[in-house]
Amino acid sequence: MPIRARDFGLACGLLPPGPLNAITDVAGVRVGHHTLRSGAVRTGFTAILPHADDLFRSKVRAGVDIINGFGKSAGLIQVAELGQIETPILLGNTLAVGTGFNALVSRALAANADIGRTTGTVNPLVLECNDGWLSDIRARALTEADAFRALDAAQTGPVAEGAIGAGTGMSAFGFKGGVGTASRIVALDGRDHVLGVLALANFGNAGDLVLPDGRRPVPPDGADGRPERGSVILVAATDIAMETRQLSRVARRCGAGLARLGAFWGHGSGDIALAFSTAGRIDHHETGDFVALTALNENRIDLAFRAAAEATEEAVLNAMLAAPATTGRDGHHRPSLAEVLGSARHRD
């Protein structure tokens, strides 16, 4: 079984987690990974599918918050403008954004003969972090076939975490980073709703990490003094009905979860939060002049804000704790946070 924050007694916040404590607690959401480990390469793709149908024809509402814009993601401008997602979401390394873009375009064209002919083009959504400390990013090893494998592997249920998929070569707070997820349940109108977050954690200076119990673990080789030049991608999914402005506000609160961990959103860090709702879809071929929209009462939105902050904090910790110590390109090494905390527990 993978090691998670709660295995170390590290519970973040007050709200209860979902059954899986994962983004896939939101019904219909799927996650898939494909990993490359060869020579000096430690990289991969991670795919997030809001639902199993054709997203181009049946879009979901979304919002985005650029916490710090030192990044090269594709598709965010249109999401910010139109408030909708129309392809799966791909996470990968910085120099694989174009590859992921092409893969999503290829899939959309294959499924929709009208794209670029009788209807508009498609907006692929690819987000990135720089895994070049542990992986030979210059090799540009990821291919469209690798992206297809991540998309085809997407499924509901438990999500593999740590050094897998896009998280294979990532670092966080001087430790090994990676992919992690968590969720929170909120009660609205007498019914339970879920908000889940998936984090691609590749940020934070060594020595800055603050755990929920107040401890500040430092890598065995100490703080290396290198400037903050990582990134973090946060994808929040919910079944709470919200309009796009509200989803952008929820995405912004993911940043509170990062701050709780000791992050300050450094100059060279591309910190992006994206939120989408599975409650109600947008029909690409809608013919009505007006469409019905159900949205959360603004006076209740603090519940979603709290859920986003708490799930983000725990998702990052789950990413780090599930990732083993890794030696990569040119002998660069990142220790395991789980090993450091385990050693401290044994000493106590």
Side-chain angles (χ1 to χ4, degrees), residues 3-13 42 67-68 70-71 94 129-135 137 161-163 167-180 182 197 199-234 254-273 309-348:
I3 300 171
R4 309 191 83 194
R6 290 174 186 250
D7 296 325
F8 286 91
L10 300 173
C12 303
R42 308 281 187 279
I67 302 169
N68 191 67
F70 203 104
T94 307
C129 291
N130 182 350
D131 60 10
W133 178 253
L134 289 175
S135 183
I137 196 169
E161 296 175 301
T168 305
M170 302 300 172
S171 306
F173 294 104
F175 295 97
K176 182 67 186 74
V179 172
V197 171
L200 179 59
N202 188 56
F203 70 106
N205 286 335
D208 283 352
L209 177 63
V210 181
L211 300 181
D213 59 11
R215 284 180 293 168
R216 303 177 68 101
V218 177
D221 55 357
D224 56 22
R226 298 174 69 238
E228 161 68 297
R229 287 179 180 165
S231 293
V232 58
I233 302 299
L234 304 165
C254 291
L258 301 181
R260 289 177 177 180
L261 292 164
F264 57 88
W265 314 330
H267 162 70
S269 187
D271 305 338
I272 311 295
E310 292 184 6
T312 296
E313 182 183 13
E314 190 162 344
V316 170
L317 289 175
N318 285 338
M320 297 176 67
L321 288 165
T326 298
T327 300
R329 176 183 67 83
D330 296 333
H332 292 173
H333 181 78
R334 291 301 190 199
S336 160
L337 176 60
E339 291 178 5
V340 169
L341 295 186
S343 296
R345 186 161 56 182
H346 291 320
R347 289 196 300 271
D348 295 341

Does any part of the side chain of [Y], heavy atoms only, come nearer than 4.5 Å to the side chain of [X], both counted from C-beta?
X      : Y      : result
Asn205 : Phe173 : no
Leu321 : Leu341 : yes
Val232 : Leu258 : yes
Leu317 : Cys12  : yes
Ile137 : Asp131 : yes
Ser269 : Phe70  : no

Inset, instruction - Let me know which of Val210, Asp208, Leu209 forms a side chain to side chain contact (heavy atoms under 4.5 Å, CB included) with Leu261. - result: Leu209
Distance from [X] atom [atom1] to [Y] atom [atom2], nearest 0.5 Å?
X      : Y      : atom1 : atom2 : result
Asp271 : Ile233 : CG    : CD1   : 8.0 Å
Asp221 : Arg334 : CG    : CZ    : 8.0 Å
Leu10  : Glu313 : CG    : CD    : 9.0 Å
Ser231 : Asn130 : OG    : CG    : 7.0 Å
Phe203 : Asn68  : CZ    : CG    : 12.5 Å
Leu337 : Ile3   : CG    : CD1   : 10.0 Å

Side-chain donor or acceptor of [X] paired with backbone N/O of [Y] under 3.5 Å:
X      : Y      : result
Asn202 : Gly178 : no
Lys176 : Met170 : yes
Ser171 : Gly174 : no
Asn318 : Ala182 : no

For [X] and [Y], work out which heavy atoms get closest and say how close.
X      : Y      : value
Cys254 : Ala273 : CB-CB, 4.1 Å
Ala199 : Leu234 : CB-CD2, 3.6 Å
Val179 : Gly167 : CG2-N, 3.6 Å

Inset, instruction - Give me the ring orientation class for Trp133 and His332: parallel if the planes are under 30° apart, tilted from 30 to 60°, perpendicular past 60°. - result: parallel
Run the side chain to side chain contact (heavy atoms under 4.5 Å, CB included) test against [X] and tell me which residues pass, sequence neighbours left out.
X      : value
His333 : Ala325, Thr327, Pro335
Thr168 : Thr35, Arg37, Arg42
Ala319 : Ala201

Inset, instruction - In plain terms, say whether Glu314 and Arg4 are close enough for a salt bridge, that is, a side-chain N and a carboxylate O under 4.0 Å apart. - result: no
